[in-house]
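The sequence lines fix the lettering, A, B, ..., with proteins before strands; numbering per chain opens at 1.
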Amino acid sequence: MNFKEIEPKWQKFWENKGLFKAPSEPIPDKKYYNLVMFAYPSGDIHIGHFRNYTIGDALARYKKMRGFDVLHPFGWDAFGLPAEEAAIKHGIHPREWTLNNIEVSRVTLKRLGIGYDWDREVITCLPDYYRWNQWIFLKMFEKGLAYQAESLVNWCPHCKTVLANEQVEDGACWRCHQEVTRKNLVQWFFKITEYADRLLQDLDRLEGWPERVKAMQRNWIGRSEGARVIFKLDPERTELPVYTTRPDTLFGVTFISIAPEHPLSKTLSKGLPEEKMVNDFIESTLRRTERDRTAQGEKNGVFTGRYALHPMTGEKIPLWIGDYVLAGYGTGIVMGVPAHDQRDFIFAKKYSLPIKVVVEPHSQELNALELKEAYEAYGTMVNSGPFTGFFSFDGIKAITEMLKEKGLGDFEVRFKIRDWLISRQRYWGTPIPMIHCEKCGVVPVPYEDLPVKLPEGKIDFIPKGRSPLEDVPTFIEVTCPKCKQKAKRDPDTMDTFVDSSWYFLRYLDPKNEKLPFDPKKANAWMPVDQYTGGIEHATLHLLYFRFFTKVLHDLGYVRIDEPVVRLFNHGMVSDSQGEKMSKSKGNTVSPSDLIAQVGADVTRIAVFFAAPAEKEILWSEDGIGGAERFLNRVWRFFESALEQNEGEERPEKVWRKLHQTIKRVTEDMERFSFHTAIAALMELLNVLEEEKSKGKFARSVMAIYAQLISPFTPHIAEEMWEKLGNKSSVFQSEWPSYDPKALEESEIEIVIQVNGKVRDHLTVAKGAKEEEIKLKALDSPKVKNLIGDKELKKIIVVPEKLVNLVVQ
RNA sequence: GCCGGGGUGGCGGAAUCGGCAGACGCACGGGACUUAAAAUCCCGGGCCUUGCAAAGGGCGUGUGGGUUCAAGUCCCACCCUCGGCACCA
């Protein structure tokens, strides 16, 4: 049987029948929104995509047979840098390059037998879509959730654009791995920090999400509880707020450190003998790379010549500038407690600053002079004025409360997460719908003027470190919507992660020209019941789209405030050495080639059976051979079953195996254990072959077999279904259910253990009494031999399972 | 350092509720068919050990302990490994 020859026939059949079209509003209790991460069209579909999308496809087909209204849409994350790079390299316009790739990939997806509702296809680089990015941006601007600010931002010198925090991995650009530098720029941000607490807390509600994704998001959001403590500059009494999680160590402060980037650093020493040293230090520190500076270990600093007053004791505390103080976290100023913070300890030792012990472990005195490292644990407070004798936890509370009374501090919760920087200095993205007017300032583009379209024609894409749009006068030059004077458009485009933050809502109403989506339709389909994709977006897309959902919820456009009930992360597909596949390494496996060689169904089985869906696959051709062998056997058995008419008896063994298989496959589909579902189907085939099942009975078994295997091998299943005399699609049939009675065996094998070790087996009738089992077990010659004249202490009988004889 | 996964044959892995560890497959070895090969079919296999054989025995799910009649599964301590966060005060 040449499987690949029948595949186009069934693909056409499905398309003509509109098998995968979803209703615009589903039956409420029977809806299944089955979402897979849409694709960046960088060429053709690769094997990683293939794995992702066959999982989604198998689920869609299974759920349809279970009677659900299934929504299984697809689209393209079509903006992004590679399109511009291709434009520079090959002189093709990014749009043309992108749309060509989409064309090629769409055909491949169809040939892979993946069934989408293509009427809902979304392409983010088309104005139909990105105008709603602009619309949402304006809504967020109105709510104060989109704002422009000057700050030190991550800059990728290779991509020549800024990056959000989430897009810097280990100090390098997530896309090109070039080391990131810092720049002070005015950029647009989304205020995700305002949602930090909700994004964190609601993770607890996401029971259907993998623990590791939730852990990553918790780490990333980085909530910490502590206190703001205000030191005052001597003598001006300017406030120097610090953030600390250890107010209990407040009496141990012997210096204060300020980040070199902090504005105060430049001004504190003005006119003092220290001024030059301070300026030199700041300058040389700022010149160092982020990675170099944050390498743990060495700490450098310089004394400013100035002092601050301790909020409790009024003591004069020296002010230092320290290169280990992060400008972007807390207040950019920290209190130095060398006895109880390892970083402060190293710093104090280096510059011979005093060390003062204020917390001691239980029943042990610490001597500041003898400390080898900071004592960072909690303990009993000492040398802490009225708080001496308190335990740390009580001290934290009491000290913060007293600071609050004095107006010199308060409890404070801090997050590590920063606001989402969305400006990009590139062409191929959504224009930011803002106008800069000399007179009126920043003015939003009126809604009726949307979309702000990307200019067409000849554009110089070569990155120069500023947006290519800046050099397109027809785009940049506008009149101010307010004062009608000459003004300029914002030249930047949006981060493409904006596009992917709400595409799942556009699928629900893709042609809407009045709104990004109709809330009624959104409420009918949301939340997404199942989302399937890779783990790489754990703290990127998966954080951003939760944020967008909450914003759109707060704006009143969706009822739900979490987008996805159940999240599944499939494993990667690597080469046989475990190396990541890439075009440059030449170790890629092309799904298109595989379909051409062995067909889609064989490839699908091979990928499903290679490993549990959540684990990495080390790709090997051997898997293809095994899959092909299995499907050939299925087909051969199917044909032999069709041919013969005699043999209508229903052997109990096969009947039972059939129903066990229905049960197992059904349960395995529900728990995403596709490889064991296939193993169960292999076992059933083994039994069918062993028992040489034939005729009518075998045909009825094979009808069920076709249904059970159909999520994995849809084409072969349809072919079998048709040959069995059915006119409609196997996917319009009802998923088989098992008969619990068929699972019951009339005779049951029972294990006989002596002292917990299996020594013999016993066959008894179903429902045999304990007493009978005991007697039979004791009657076993093997058992008699083992027991001999030892004393029988106890007999444990687990009905229908085992009997354990305990002897001494 | 903190947080989260995971450790089972040569390999991918199974064991879903504490009850026969290794299902299913890959690779491998042996055999049948064939002039031959491919394809296909049959047989074998955790490790060690007694035995000519038939048939036995012991050990075995990262390590050490514990609970239990019974532990891959539960509890305690530890080791290794993968991933996330990390000069975050």
Colleague: State whether A:K757 places a side-chain N or O below 4.0 Å from either non-bridging phosphate oxygen (OP1 or OP2) of B:rC59.
Modeller: yes
Colleague: Please lay out, stage by stage, how A:K349 and A:I355 fare under the test side-chain contact (heavy atoms from CB on, under 4.5 Å).
Modeller: CA-CA 9 Å; A:K349 281 281 177 197; A:I355 296 172; 3.9 Å; yes
Colleague: Counting heavy atoms from C-beta on, name the nucleotide in B:rC20, B:rA23, B:rG13 closest to the side chain of A:A611.
Modeller: B:rG13
Colleague: Tell me which nucleotide, if any, is Watson-Crick or G-U wobble paired with B:rG19 when both distances must be under 3.5 Å.
Modeller: B:rC69
Colleague: Could you tell me whether the phosphate oxygens of B:rA27, OP1 or OP2, come under 4.0 Å of any side-chain nitrogen or oxygen in A:R629?
Modeller: yes
Colleague: Across all strands, who's sitting opposite B:rG4 as a Watson-Crick or G-U wobble pair, both distances under 3.5 Å?
Modeller: B:rC82
Colleague: For the residue pair A:F674 and A:F672, is the inter-centroid distance of their aromatic rings smaller than 6.0 Å?
Modeller: yes
Colleague: State the pairing partner of B:rA54; accept Watson-Crick or G-U wobble contacts with both distances under 3.5 Å, and report none otherwise.
Modeller: none
Colleague: Determine the interplanar angle of the A:F497 and A:H537 rings, folded into 0 to 90°, and report it as parallel if under 30°, tilted if 30 to 60°, perpendicular if over 60°.
Modeller: perpendicular
Colleague: Name the closest nucleotide to the A:P612 side chain, picking from B:rU16, B:rG13, B:rG4.
Modeller: B:rG13
Colleague: Whole angstroms only, please: what is the NE2-P distance between A:H570 and B:rG5?
Modeller: 21 Å
Colleague: For B:rC69, does the base pair up with any side-chain atom of A:N804 as donor and acceptor (N or O, under 3.5 Å, distance only)?
Modeller: yes
Colleague: Under 4.0 Å from OP1 or OP2 of B:rA89: is there any side-chain N or O of A:S224 that close?
Modeller: yes
Colleague: Can a side chain N or O of A:R759 be found less than 4.0 Å away from OP1 or OP2 on B:rG57?
Modeller: yes
Colleague: With A:R604 as the cation and A:F712 as the aromatic partner, state whether NZ or CZ is under 6.0 Å from the six-membered ring centre and within 45° of the axis.
Modeller: no
Colleague: Can a side chain N or O of A:K416 be found less than 4.0 Å away from OP1 or OP2 on B:rC85?
Modeller: no
Colleague: Check this one for me: any side-chain N or O of A:N686 less than 4.0 Å away from OP1 or OP2 of B:rG25?
Modeller: yes
